[in-house]
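No hydrogens, no waters, no symmetry mates; every other heavy atom, side chains included, goes into these values. Residue numbers begin at 1 in each chain, while the letters A, B, ... track the order of the sequences.
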Amino acid sequence: MNKNTLKKIREKIGQYYQENKVEAPPKIEEREFGVGNQEKINYRHLGLESEEELNKYLVTEKPRFISYSAAYYEYPEKRPMKRKQYKKGDLAFDLDHECPHNTLTCYQCLEKVKQETQKLIDNFLINDFGYDPEQIEINFSGNKGYHVKIRDPRAQSLTEQGRKEIVDYIMANDLITPEFEKNGPKPTEKGWRGKIAREILKFVKQSDREKMKELGINSGKIKHLIDRREQIIQGIKKGNYDTLPGPETLWERVLEKRKIQLKTPIDHPVTLDTSRLMRLPDTIHGGSSLLAKEISREELEDFNPFNHAVVFGEEPTNIKITKETPKIHLNNETHGPYESGQEIETKEYVAVFLASKQHAKPEW
Amino acid sequence: MDKKSLRFCAKYPFTEKAKQVLKDFNLEEVEQEFLEETERRVTAALTNSDDPKKHYRMIENAWEDTLIKEIVTYPLTKITAAQAQDHYIKQKTAANEAKKIRHHLEQEETEQIEEIAQETLDIEKTDQSQKPYKLPMHKYLQKQPQGKENKLINQPLENGYIYLDKNQLGEIISSHVYNEIKNQEPLQNPPENIKDIAEELKKKRTTRYSTSPQQYGETEIDAFPPCMKKIYDDLSSGKDVGHQPRFVLATFMVNIGMDIEEMLKPFQGQPEYDEEKTRYHLQHAAGDKGGGTKYKCPSCSKIKTYGLCISDCNVKHPLGYYKKQKKSTKKGKNE
């Protein structure tokens, strides 16, 4: 990012921090911080003692990015890592999605990540692992996804091996495929066997000819499935898969398809390696100008970052477009498209957004 | 303590009950007989010569003093194995003791198993006949037995509890013993006699399990496992390769004893190649820079979790694959 753009954006960020106090993460004095202007992290091994020091730092230094460790250390500032003396670490998940679409505000992709986040929280963290919803912290990452952290002391003291087991559970790694015979998995069973049975049951109950075809099931089998649907459903409920046509080939295909849907595209190194730094909630992501807003599970339901994480105002602000820019959707309004070279006066939040995305040069 | 209780303690010397027997025991004044039995116990583990069935019969027929010897030599065995400061000795000893206990638990009454499980695992009873016990997930993760079937993903897990049958309890208890021995740290000031045995054992231990890099000889890129070969080739051909795979490849190359110049080669294909930086990172992985720790090459299961596994090679560790592959190409050349 060129010097002038960076300077102008950091001024805006500094103004925001002057007017808005950022809440410190629990045990701030035991966390390692990392900050960056050109890159997400240019400097790490920083320590901040208190909420007051954090806010002072944000106002004076105006970092474009600030992250902190899931880990808690005796000496967060010491280096190399070993000398920090690791104490424990929040169990953290980073969910995001590379957007393949030609847009800067892809609601569709973020909605997809949101659904995966909800699935992670409801089906895995609460239902299977039994974590208390009160101890699950959720925040928008500020750009492409969501972060979820668990503050349960039992989760915080998990070893790397334990964290790996959790990741494998969520991502369906090393799952032993059940035998689909008379004693197959029942929908009422716990763990993955139950999940599989419920997915198959759902498929048999809901799928029409088209969906079955999509899975590559041949027409003879489709006919059998539809004709004897009720009998098959009753069988699956008892864990009996004998009435299913060609379970080996057919159900493996169904399973493959369903398995992916139950998987969560988490960025697993973050979960395994507690020394990774993650965006500090309620700070600005300087690559988008959006707030990495902390939200509750209920708020997540209707959360749309392009409306709810916009923090800048509406004052007329000048920019010069430097890259061809498709339409953007922010604050329930549509702006653009813009041609490269166009000089425009727009609302402050649009100007800072486009400058942060490096699609415009500030002329404010 | 009556003979029946002593027998229980001899079979399960890690329990609170057995610790009662050990209360008055002083590590500094160990009888010669006990020391000899300790040495035998660790040696048996290294030579795979303990038979759990025979051990069980021995305990069933033993007199009191033999039972006490069994009980006392358990902590001695544990300490001695740790004192040798040799991963292999500790691991073999842990596996041997756990194996015996696993066998004894299979012969055990339900009540006794439950008593041990309550003490070591924190289990609760359920009202289900097939899975009558439940164990908090976090406890399970601390004591999880090895093997794919014991992975968390293959357990009936609900609301933070894993549901178990009697057989699994036995397995987890023996895994608990395995961990207890494996996690034993050497004493700060060990008694001389224990130190002597540990030294003796270390000398005896075969060297064929040594993992010094020299054993791999000259580097053969073609003998790399598919996952490493892919990262190597991707790097060489200038593809965008993430930090994680780069690091994994670096640890692999370090561990097969490649020198820095050899290791630099694939990175030279990268458009943003910076020799100085790369050299620094590789030296860091080798433990010559930074923290000074030589990084271990991750196992296949870790590589799978990282999403870097691309083939089913039927090995547990990339280094194992490389070793096997090198051996077979060598054979091929000689024939």
Donor-acceptor contacts under 3.5 Å from residues 307-321 of chain B side chains, at least two apart:
from, atom 1, to, atom 2, distance (Å)
B/His317, ND1, B/Leu319, N, 3.2
B/His317, NE2, B/Cys297, O, 2.9

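- Contacts between B/Gln130 and chain A at a heavy-atom distance below 4.5 Å are absent for every atom of the residue.
- Counting non-hydrogen atoms of other residues, nucleotides and ligands closer than 6.0 Å to NZ of B/Lys230 gives a total of 12 or fewer.
- B/Asp86 pairs by the side chain to side chain donor-acceptor pair (under 3.5 Å) definition with B/Arg205, not counting sequence neighbours.
- The minimum heavy-atom distance between A/Tyr169 and B/Ile153, with the atom names listed, is CD1-CA, 3.3 Å.
- Interatomic distance, CE of B/Met137 versus CG of A/Leu158, reported as 6.5 Å (0.5 Å rounding).
- No side-chain heavy atom of A/Asn127 sits under 4.5 Å from any side-chain heavy atom of B/Asn159.
- Of the two parts of B/Tyr140, neither the backbone nor the side chain holds a non-hydrogen atom closer than 4.5 Å to a non-hydrogen atom of chain A.
- Inter-residue side-chain proximity for B/Thr305 and A/Arg163 is flagged as unmet; no heavy-atom pair is nearer than 4.5 Å.
- Separating the CD atom in A/Gln161 from the CD atom in B/Gln144 is a distance of 6.5 Å, to the nearest 0.5 Å.
- The CD1 atom of A/Ile170 sits 9.5 Å away from atom CG of B/Leu152, with the distance rounded to the nearest 0.5 Å.
- Shown here is A/Asn183, whose CG atom has no more than 12 heavy atoms of other residues, nucleotides or ligands within 6.0 Å.
- In terms of non-hydrogen atom pairs under 4.5 Å with chain A, the most contact-rich of B/His138, B/Lys304, B/Gln155, B/Lys131 is B/His138.
- For a residue to count as touching a neighbouring chain, one of its non-hydrogen atoms must lie under 4.5 Å from one of that chain's; by this rule B/Glu158 touches chain A with backbone and side chain alike.
- B/Lys302 touches chain A through backbone and side chain together, each having a heavy atom under 4.5 Å away.
- Residue contact with chain A, scored on non-hydrogen atoms closer than 4.5 Å, involves the backbone and the side chain of B/Glu149 alike.
- Counting only heavy atoms from C-beta outward, the side chains of A/Lys164 and B/Lys151 approach each other to under 4.5 Å.
- Here the side chains of B/Leu141 and A/Glu165 are in contact, with some heavy-atom distance below 4.5 Å.
- With sequence neighbours excluded, the residues forming a salt bridge (charged side-chain N to carboxylate O under 4.0 Å, His left out) with A/Asp128 are A/Lys195, listed by chain and number.
- The CD atom of B/Gln244 sits 8.0 Å away from the CG atom of A/Leu272 when rounded to the nearest 0.5 Å.
- Residue-level contacts of residues 129-137 of chain A with chain B, in order of numbering, are A/Phe129, A/Gly130, A/Tyr131; threshold 4.5 Å between heavy atoms.
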